[in-house]
Structure formats: C-alpha cells, structure tokens
**Student:** 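Dropping a structure here in structure tokens format, bear with me for questions.
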There are 2 protein chains.
Amino acid sequence: MPEHYLTIRQMCDAYDVTPRTLRFYEAKELLSPVRQGTRRLYTRRERARLKLVLRGKRFGFSLEDIRQLLDLYDTSGQNLAQIQRAHELAKERLGDMIRQRDELTVAIDDLRQQMDWGSEVIASLTSTSTSAAE
Amino acid sequence: MPEHYLTIRQMCDAYDVTPRTLRFYEAKELLSPVRQGTRRLYTRRERARLKLVLRGKRFGFSLEDIRQLLDLYDTSGQNLAQIQRAHELAKERLGDMIRQRDELTVAIDDLRQQMDWGSEVIASLTSTSTSAAE
DNA sequence: AGTGAAGTTGACGTGAACGTAAGGGATACG
DNA sequence: CGTATCCCTTACGTTCACGTCAACTTCACT
C-alpha cells in the first residue's frame, strides 16, 4: 500500500483551508508533513490530525489546547509518567467537552422553545389580519 | 416588585467578568444597562442577556453571532417580515448548534476510546515492570 | 473642604489566528 | 532558454476580544 501523499494545494481543496493556515499549523506543531526537497507532502496521518484540529476549533478549543489533545492521540513511545499526565489531561478535556455538550443541549432546547413561541406569533399574525391591510 | 439593579462591580463579581468586558459588550450592543447619571445599572434583562453571551462564547460563537441571536430572543414589537426573518435565522443557528452537538458527541466518544486504550497501556506498564527498575 | 472608593470615557497595547504581499527557488513545457 | 506554475520563507498587517493605563467625575464620609 503506497502511502498516498497530498500536496499543500490538494489539502487546501480537500479541507477548505488556505496554504497559510497549513503552514501556520505546522509552525504551531499541529502538523508535520514530510518534505520532498523543500515542498510539503501530507500523509494519511496529517490528514487525520487536520480533521481533529478543525473539529476542535468548532468546539472553541484554542490551537494550543488542540495541540495537547493531539499529543495524546499519538502517545508515541513515552514513559509511564508522561502517559499518566496525558491521561489526566484528557480526563479534564473530556469533562470540558461533556459540560459543553450539556450546556449546548440546554441552549438548543431554549432556542427551540423560543422558536415555537415565534411560530405561534407568526401564525396568529398571518391568519387574523391585525393592522396592515393586504 | 422593585426591579433589582446591580452595579457594574456586582455584575463582575456575580458573573466573573471584568468591567472592561461589560463596557465592551455594551459598545457591541450586546447589553444596554440603564444610566443613573453616568453610572450603569443592570436589570434582570441584562443579566439574562449576559448569561446567554457567556454561554454562546463557550460554544465558539463570535460576539457578532451572539448579538444576532440575542436580537431574536427579544423580538420586541417588530413587523411580521422581521419576525419571519428572525425565525429563519434562528432555524439556521439551531441547525448549527445541533450539528455542533453531534460532532461533539463523536469527539467525546473518540476521546473516551482513546482514554480506554490509554488506561490499558498504563495498567500493563504498572503491573509488569518493563524497562525501569523501581 | 478633603479624601477615598467606585465609576466613567478615551486611547493604546496584546495574544491568537490567520491574511497578505514581497522576493526567491524548483520543475515542466514549448 | 524563457516563462509559467507551484511552492517556499520572511515579515508586516488585520480582526477579535478584551487588558491596561491615564485623566477625569461623582458620591459617601468625615
């Protein structure tokens, strides 16, 4: 299976980001594409990481937060202490995410109610003509 | 029932924000406290709005996004067209929020799995001594 | 009238997350 | 060999969401 590489442009098209963004993420150590001479080539691993970065951003995590999360996704050869530390960190993050989802659920219900009320208002205004004639 | 006002400092203490933040939100038309002379006094309405602002921020919405959301929370005396427009807007936001929650659910499950795997690694490393002596 | 605490308006500073040129290499094609 | 097309680095500019500091009022006391 011949590792299928993508150029920076192909990445941009595939994930709807700019080259600047990919280079920026690399500078922040979120990505580390291989080099063919001076050019960047992105592997399957980088694509997976980018997906996680973009997802994390939608949750409101900072790039630094995301970097730490990513670092525990490939706990490549570390010692026990580091793994345990990473595990603790992940636990906190998980707590954050769960709290966030719970809040989001509440907000969704709120907005739904508000919209139901809005629907009624609209219905009453469209059926019984109140002020303006048609 | 005598509308219970809060000073800016009381607001800051209650919601853990700085005065600068409250004034900034006011400049962005997210809040509009009444004035007693030159000083700001915050009503129940402002407190509710602030809560929504802080919640929205945790979801990764920009202040401008939040302002639009707030504007449909108090659809105070508008015409039908405006209400309908607001309703459409709310529908889009609601879609965003639901999508966001779904993604968050996936991410949570992902992280949970990753952590389970991490737990196993830790367990195996703590029971059978591998490299380092104790 | 003096002093201090709390509040006000500017105005400039800051960190995060990129945008936007400016100028230079490498590779392919006619 | 020219030039067209990507790509690269360097570096300064920008937007958002405030932080920070300066220079006043305003109010409550004493």
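Hydrogens, waters and symmetry mates are skipped; everything else that's a heavy atom, side chains included, is used. All figures in this text were calculated on a predicted structure; none of them were measured in a lab. Each chain gets a letter, A, B and so on, in the order the sequences are listed, and its residues count up from 1.
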**Student:** Earliest and latest nucleotide of DNA chain D, 5' to 3', sitting under 4.0 Å from a non-hydrogen atom of chain A?
**Tutor:**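 From 5' to 3', the first and last contacting nucleotides are D:dC6 to D:dA11.
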**Student:** Please confirm whether the shortest side-chain N or O distance from B:R40 to OP1 or OP2 of C:dT8 is below 4.0 Å.
**Tutor:**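 For B:R40, the contact criterion (side-chain N or O under 4.0 Å from OP1 or OP2 of C:dT8) is met.
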**Student:** Would you mind reading off the bend of the helix from C:dA1-D:dT30 to C:dG30-D:dC1 from its two end axes, five pairs each, to 10 degrees?
**Tutor:**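 Axis-to-axis angle, ends of the helix: 10°.
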**Student:** Below 4.0 angstrom from OP1 or OP2 of C:dG13, is there any side-chain N or O of B:R20?
**Tutor:**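 No, because none of the side-chain N or O atoms of B:R20 sits under 4.0 Å from OP1 or OP2 of C:dG13.
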**Student:** How many Å lie between CD1 on A:I8 and P on C:dC18, as a whole number?
**Tutor:**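 Rounded to the whole Å, the gap is 14 Å.
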**Student:** Closer than 3.5 angstrom, by distance alone: can the side chain of B:S127 be matched with the main-chain N or O of B:A123 as a donor-acceptor pair?
**Tutor:**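 Yes.
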**Student:** Just to confirm, is there a sub-4.0 Å distance from OP1 or OP2 of C:dC18 to any side-chain nitrogen or oxygen of A:Y25?
**Tutor:**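 Answer is yes, contact under 4.0 Å.
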**Student:** How long is the line joining CZ of A:F61 and P of C:dA16, in whole Å?
**Tutor:**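 It is 17 Å, rounded to the nearest whole Å.
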**Student:** C:dT20 P sits how many Å from A:F24 CZ, rounded?
**Tutor:**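 Atom-to-atom, A:F24 to C:dT20, this comes out as 15 Å.
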**Student:** Taking atom types as modelled, is there a side-chain donor on A:E64 or A:Q68 under 3.5 Å from an acceptor on the other?
**Tutor:**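 A pair is found: one side chain offers a donor N or O, the other an acceptor, under 3.5 Å apart.
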**Student:** Do other residues, nucleotides or ligands put more than 12 heavy atoms under 6.0 Å from the CG atom of B:D16?
**Tutor:**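 Not buried by this count: 12 neighbours or fewer within 6.0 Å.
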**Student:** Under 3.5 Å, is there any donor-acceptor pair linking the side chain of B:R23 to the base of C:dT9?
**Tutor:**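 By the distance-only test, no, there is no pair.
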**Student:** Please compare B:G37 and B:S62 by the position of their nearest nucleotide in DNA chain D and report the one closer to 5'.
**Tutor:**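 The residue mapped nearer the 5' terminus is B:S62.
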**Student:** Please report the shortest heavy-atom distance between B:M11 and B:R47, naming the atom on each side.
**Tutor:**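 Heavy-atom minimum between the residues: SD-CG, 3.7 Å.
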**Student:** Where the side chain of B:T21 meets the backbone of B:V17, is there a donor-acceptor pair that is under 3.5 Å apart?
**Tutor:**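 Side chain of B:T21 to backbone of B:V17: no pair is present.
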**Student:** Rounded to the nearest angstrom, tell me the gap between atom CE in B:M11 and atom P in C:dA6.
**Tutor:**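 The answer, rounded to whole Å, is 18 Å.
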**Student:** Between A:Q36 and A:T18, name the one whose nearest nucleotide on DNA chain C is closer to the 5' end.
**Tutor:**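 Taking each residue's closest nucleotide, the earlier one in sequence belongs to A:T18.
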**Student:** Would you call B:R99-B:D102 a salt bridge at under 4.0 Å N-O?
**Tutor:**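 Salt bridge: no.
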**Student:** Under 4.0 Å between a side-chain N/O of A:T21 and OP1 or OP2 of C:dG19, yes or no?
**Tutor:**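 For C:dG19, OP1/OP2 do have a side-chain N/O of A:T21 under 4.0 Å.
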**Student:** When all nucleic acid strands are considered with a 4.0 Å heavy-atom cut-off, which category describes B:R9: base, sugar-phosphate, or nothing?
**Tutor:**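 If one applies the 4.0 Å heavy-atom cut-off, B:R9 turns out to touch the sugar-phosphate alone, with no base involved.
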**Student:** Side-chain heavy atoms nearer than 4.5 Å, only ILVMFWY residues, links allowed to pass through others: does that put B:L52 and B:L89 together?
**Tutor:**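 Per the 4.5 Å side-chain linkage, B:L52 and B:L89 are co-clustered.
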**Student:** Just N and O in the side chain of A:K28: are any of them under 4.0 Å from OP1 or OP2 of C:dG15?
**Tutor:**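 Indeed not, no polar side-chain atom of A:K28 lies that close.
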**Student:** Between atom CG in B:L6 and atom C1' in C:dG7, what is the gap in whole Å?
**Tutor:**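 Distance, rounded to whole Å: 15 Å.
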**Student:** Without decimals, in angstroms, what is the distance between B:R39 CZ and C:dA6 P?
**Tutor:**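 Nearest whole value for this atom pair: 10 Å.
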**Student:** Without hydrogens or angle criteria, can the side chains of B:T105 and A:R101 be said to hold a donor-acceptor pair below 3.5 Å?
**Tutor:**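 A pair is found: one side chain offers a donor N or O, the other an acceptor, under 3.5 Å apart.
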**Student:** Say you draw a straight line from NE2 of B:H87 to CD of A:Q114; how long is it, rounded to the nearest 0.5 Å?
**Tutor:**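 One gets 9.5 Å once the value is rounded to the nearest 0.5 Å.
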**Student:** So, taking the atom named CG in A:L50 and the one named OH in A:Y15, what distance separates them when rounded to the nearest 0.5 Å?
**Tutor:**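 OH of A:Y15 is found 6.5 Å from CG of A:L50.
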